[in-house]
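What's counted below: heavy atoms across the whole structure, side chains too, no hydrogens, waters or symmetry copies.
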Amino acid sequence: MKKIDLNCDMGESFGAWKMGADAEIMPLVTSANIACGFHAGDPATIRATVQLAVDYGVAIGAHPSLPDLQGFGRRAMRIRPQDMYDLVLYQAGAVEAFARAAGARLHHVKCHGALYNMAANDEALSEAMVRAAKDLGVMLYVLSNSLNYQVARRAGARVSGEVFADRGYADDGTLWPRDKPG
């Protein structure tokens with residue numbers, strides 16, 4: 001039986017800056033990708049978003065990013081595979097700690113923005129991301145039919161291929177750039 005997991009990026013407020021309607025959306029989703037502080041989010045926001053997920057029985061995921069608060073994690077940076085591993089493990093560890101404190105567990109990792117897109121097309125970065133998710137013992141959410149998805153499957157990782165209802169796609173299956181029409 002196939003199952004649809006409706007996931008949403010959440011916890012993207014930071015300090016006094018508010019983004020999203022997490023409390024209103026949480027009852028409608030089955031999993032939450034919680035910002036880990038590098039593109040958005042902060043400890044108080046992570047804690048509050050994890051608690052909302054617990055309250056509504058929503059699977060808790062970490063949403064790690066490149067260290068890019070100013071660019072909201074959407075600017076690509078040149079990183080080594082070890083950097084990918086470290087970024088995912090470090091940030092997911094923060095969400096995992098808040099989940100554990102709330103009596104829950106970390107369910108998955110779904111990278112954000114440029115980090116997500118970079119791994120979709122780079123085998124070495126994909127391998128590092130997959131290794132981090134496996135070391136964390138969690139599922140990995142990646143772009144369906146991407147190189148990242150293929151690498152995860154080959155490695156025997158628990159992986160879920162995702163599609164975006166609110167984004168356009170290029171003919172090769174990659175996400176259409178946000179700055180382009182369509």
Open item on the list: Tell me whether Glu96 is salt-bridged to Arg105, with the criterion being a basic N under 4.0 Å from an acidic carboxylate O.
Closed with: no
TODO: Mind checking side chain to side chain contact (heavy atoms under 4.5 Å, CB included) for Ala32 and listing every partner two or more places apart, or none if nothing turns up?
DONE: Met10, Met26, Ile34, Val58
Task: Nearest heavy atoms of Ile60 and Ala104, plus distance in Å - done: CD1-CB, 3.7 Å
Task: Hphob cluster co-occupancy, Leu143 + Val138, side-chain heavy atoms under 4.5 angstrom - done: no
Open item on the list: Taking Tyr85 as the starting point, is it possible to reach Val130 by hopping between hydrophobic residues whose side chains are less than 4.5 Å apart?
Closed with: yes
Open item on the list: Taking Leu6 as the starting point, is it possible to reach Val109 by hopping between hydrophobic residues whose side chains are less than 4.5 Å apart?
Closed with: no
Open item on the list: Would Arg131 and Val88 count as a side chain to side chain contact (heavy atoms under 4.5 Å, CB included) here? Give the steps.
Closed with: CA-CA 10 Å; Arg131 188 167 45 96; Val88 172; over 6 Å; no
Task: For the student: nearest non-hydrogen atoms of Asp5 and Ser31, plus distance - done: OD1-OG, 2.8 Å
Task: Residues which pass side chain to side chain contact (heavy atoms under 4.5 Å, CB included) with Glu127, listed by chain and number, not counting sequence neighbours - done: Glu123, Val151
Task: Expected output: side-chain Ser160 to main-chain Tyr141 donor-acceptor under 3.5 Å - done: no
Open item on the list: With a 6.0 Å cut-off (strictly less than), is the heavy-atom count around CZ of Arg100, excluding the residue itself, greater than 12?
Closed with: no
Open item on the list: Can a donor-acceptor pair be found, under 3.5 Å and without considering hydrogens, that links the side chain of Asp83 to the backbone of Arg80?
Closed with: yes
Open item on the list: If I take atom CG from residue Asp9 and atom CG from residue Asp22, how far apart are they, to the nearest 0.5 angstrom?
Closed with: 10.0 Å
Task: Exercise: identify the closest heavy-atom pair between Gly11 and Thr49 - done: CA-OG1, 3.4 Å
Open item on the list: Using side chain to side chain contact (heavy atoms under 4.5 Å, CB included), reason through Thr30 and Asn7 one step at a time and then give a plain yes or no.
Closed with: CA-CA 6 Å; Thr30 51; Asn7 79 78; 5.7 Å; no
Task: Distance in Å, Asn33 CG paired with Glu12 CD, rounded so as to fall on 0.5 Å steps - done: 9.0 Å
Task: Nearest heavy-atom neighbours spanning Ala128 and Pro81 - done: CB-O, 3.1 Å
- [ ] Quick one: which residue pairs count as a ring-ring contact (aromatic ring centres under 6.0 Å, His included) with a foot in residues 24-53, not counting sequence neighbours?
- [x] Phe38-Tyr90, His39-His63, His39-Phe72, His39-His112
Open item on the list: Taking CD1 in Ile4 as the centre, count heavy atoms belonging to other residues, nucleotides or ligands within less than 6.0 Å. Is the count above 12?
Closed with: no
Task: Over all atoms of both residues, closest heavy-atom pair of Cys36 and Ala92 - done: SG-N, 4.4 Å
- [ ] Using the ring of Phe98 (Phe, Tyr or Trp, six-membered ring only), decide whether Arg47 places NZ or CZ under 6.0 Å from its centre and within 45 degrees of its axis.
- [x] no
- [ ] Would you confirm whether Asp42, through its side chain, and Phe14, through its main-chain N or O, come within 3.5 Å as a donor-acceptor pair?
- [x] no
Task: More than 12 heavy atoms from other groups under 6.0 Å of CD on Gln70 - done: no
Task: CG on Leu87 to CG on Leu125, rounded to 0.5 Å - done: 10.0 Å
Open item on the list: If you compare all heavy atoms of Asp68 against all heavy atoms of Gly71, which two are closest, and at what distance to 0.1 Å?
Closed with: OD1-N, 2.9 Å
Task: Ser13 side, atom OG; Lys18 side, atom NZ - distance, nearest 0.5 Å - done: 5.0 Å
Task: ILVMFWY network linking Ile79 to Tyr116, side-chain heavy atoms under 4.5 angstrom - done: no
Open item on the list: For the CZ atom on Arg153, are there more than 12 heavy atoms of other groups (residues, nucleotides or ligands in this structure) within a distance under 6.0 Å?
Closed with: no
Task: CG-CD distance between Asn145 and Glu162, expressed to the nearest 0.5 angstrom - done: 12.5 Å
TODO: Report the distance from atom CE of Met139 to atom NE2 of His108, rounding to the nearest 0.5 Å.
DONE: 9.0 Å
- [ ] State whether the side chain of Gln91 and the backbone N or O of Ser65 hold a donor-acceptor pair below 3.5 Å, judged by distance alone.
- [x] yes
Open item on the list: Please tell me whether Tyr56 and Leu106 are part of a single hydrophobic cluster in this structure, the criterion being side-chain heavy atoms less than 4.5 Å apart.
Closed with: no
- [ ] Taking Lys134 for its side chain and Met129 for its backbone only, find out whether a donor-acceptor pair lies under 3.5 Å.
- [x] no
